[in-house]
Amino acid sequence: MKRKILIAIDGPSGAGKSTLAKAIAEKLDIMHLDTGALFRALGYAALIKDFDTRDAKQAAELIKQVELGIEFENKNQKVLLNGKDVTPYLRTEDVSIAASNISVHPVVRDYILLQERQLAERESFVLDGRDIGTVVLPNADVKVFLIASPQVRARRRLLDLINAGNQNAEYEQVLQDIERRDHQDSNRQTAPTKMAADAVLIDSSNLTIEETVAQVLALVEQIE
Ligand code: DC
């Protein structure tokens, strides 16, 4: 790929955005930014510092106290909090909920928006998130809105949790968490999860990851 290209992959929790974005970035040999990890890092910071993620003032104070860093090692994304790599701690259910809570505050979204745009300015990227096609990069070359039924997403998430060693994870609980996060992420005032008018909707409920990747690559070919 010669010219710079920006690909936005948005959608609800657990639809497979990160897996898809990673595969697309590998195929095209470009960078991948998992923007959820940035909100997760702030959620994690709030948890360890005992800040209330629902309180806008505390969220603003948190941003003053922590410095969020993004690094890539062999294209693998690392998120740093005050210089410390916190990537391994970001995938727990507690952090998922804290990230969703803290992401409603405009002060948090503005802070992360700046970092996302700075990165996307530099080179070709696939970004996955909730508001990439609508707010962060409204001029992205390709926009995908990836969905899957809550039940399919809960089953995938449960498998991830079990594979990560969490043998006590329960389907009903995971489904409930997903539905609660969907509601919160789609109903917040600032930059809710929303399909851009010019995005392509892909329902991955009955697709393999290879099939989903092929659909997105076909979209990329159309613009070249
Ligand atoms: O994609 P994820 O599950 O890792 O994201 C965690 C939370 O971060 C999600 O519940 C909402 C928030 N988020 C957001 O508001 N905007 C984004 N672009 C990415 C994530």
What residues, two or more places apart in sequence or in another chain, satisfy salt bridge (Lys or Arg N to Asp or Glu O under 4.0 Å) together with [X]?
X    : value
E172 : none
K75  : D29
D185 : R130, R188

Would you say that more than 12 heavy atoms from the other residues, nucleotides or ligands in this model lie under 6.0 Å from the [atom1] of [X], or not?
X    : atom1 : answer
N76  : CG    : yes
N187 : CG    : yes
Y89  : OH    : no
R54  : CZ    : no

**Study point:** V136 backbone acceptor or donor facing E116 side chain under 3.5 Å
**Key:** no

Review point. Is a side-chain donor or acceptor of K49 paired with a backbone partner of Q65 at a separation under 3.5 angstrom?
Key: no

Please identify each residue that fulfils side chain to side chain contact (heavy atoms under 4.5 Å, CB included) with [X], with sequence neighbours left out.
X    : result
A98  : L47, T53
T134 : D131, K194, A196
L207 : I202, E211, T212, Q215

**Study point:** Sequence neighbours excluded - ring-ring contact (aromatic ring centres under 6.0 Å, His included) pairs with any residue from residues 51-79
**Key:** F72-F125

**Study point:** Qualifying ring-ring contact (aromatic ring centres under 6.0 Å, His included) pairs, either residue in residues 170-211, two or more places apart
**Key:** none

Review point. Does the pair D52 and K57 meet the rule for a salt bridge (charged side-chain N to carboxylate O under 4.0 Å, His left out), with working shown?
Key: CA-CA 9 Å; D52 181 357; K57 279 206 187 102; over 6 Å; no

Exercise for review: Please determine, by modelled atom types, if D203 and S205 share a side-chain donor-acceptor pair under 3.5 angstrom.
Suggested key: yes

**Study point:** Pair E73 + K78, salt bridge at N-O below 4.0 Å
**Key:** yes

For residues 148-159, please give each side-chain donor-acceptor pair under 3.5 Å, one per line with the distance, not counting sequence neighbours.
unit_1	atom_1	unit_2	atom_2	d
S149	OG	V152	N	3.1
R153	NE	A148	O	2.9
R153	NH1	S13	O	2.6
R153	NH1	D182	OD1	3.1
R153	NH1	D182	OD2	3.4
R153	NH2	D182	OD2	2.7
R156	NH1	A15	O	3.2
R156	NH1	S204	OG	3.3
R156	NH2	S204	O	2.9
R156	NH2	S204	OG	3.3
R157	NE	E93	OE2	3.1
R157	NH2	R91	O	3.0
R157	NH2	E93	OE2	2.8

Check your understanding: Where do K143 and D10 land on the salt bridge (charged side-chain N to carboxylate O under 4.0 Å, His left out) test, with the steps shown first?
Key -> CA-CA 8 Å; K143 296 182 186 177; D10 291 304; over 6 Å; no

Check your understanding: Mind checking whether E179 and Q176 have side chains closer than 4.5 Å, heavy atoms only?
Key -> no

Point to revise | Result of checking L113, L119, L114 against R117 for side chain to side chain contact (heavy atoms under 4.5 Å, CB included) | key: L113

Review point. Should side-chain heavy atoms under 4.5 Å link Ile, Leu, Val, Met, Phe, Trp and Tyr, which residues sit in the same cluster as L201?
Key: F145, I147, M195

**Study point:** Set of side chain to side chain donor-acceptor pair (under 3.5 Å) partners for D110, sequence neighbours left out
**Key:** none

Could you pull out every donor-acceptor pair under 3.5 Å between side chains of residues 30-45 and any protein atom, sequence neighbours left out?
unit_1	atom_1	unit_2	atom_2	d
H32	NE2	D128	OD2	2.7
D34	OD1	G36	N	3.1
D34	OD1	A37	N	3.2
T35	OG1	D128	O	2.6
R40	NH1	L90	O	2.9
R40	NH1	S96	OG	3.1
R40	NH2	S96	OG	3.4

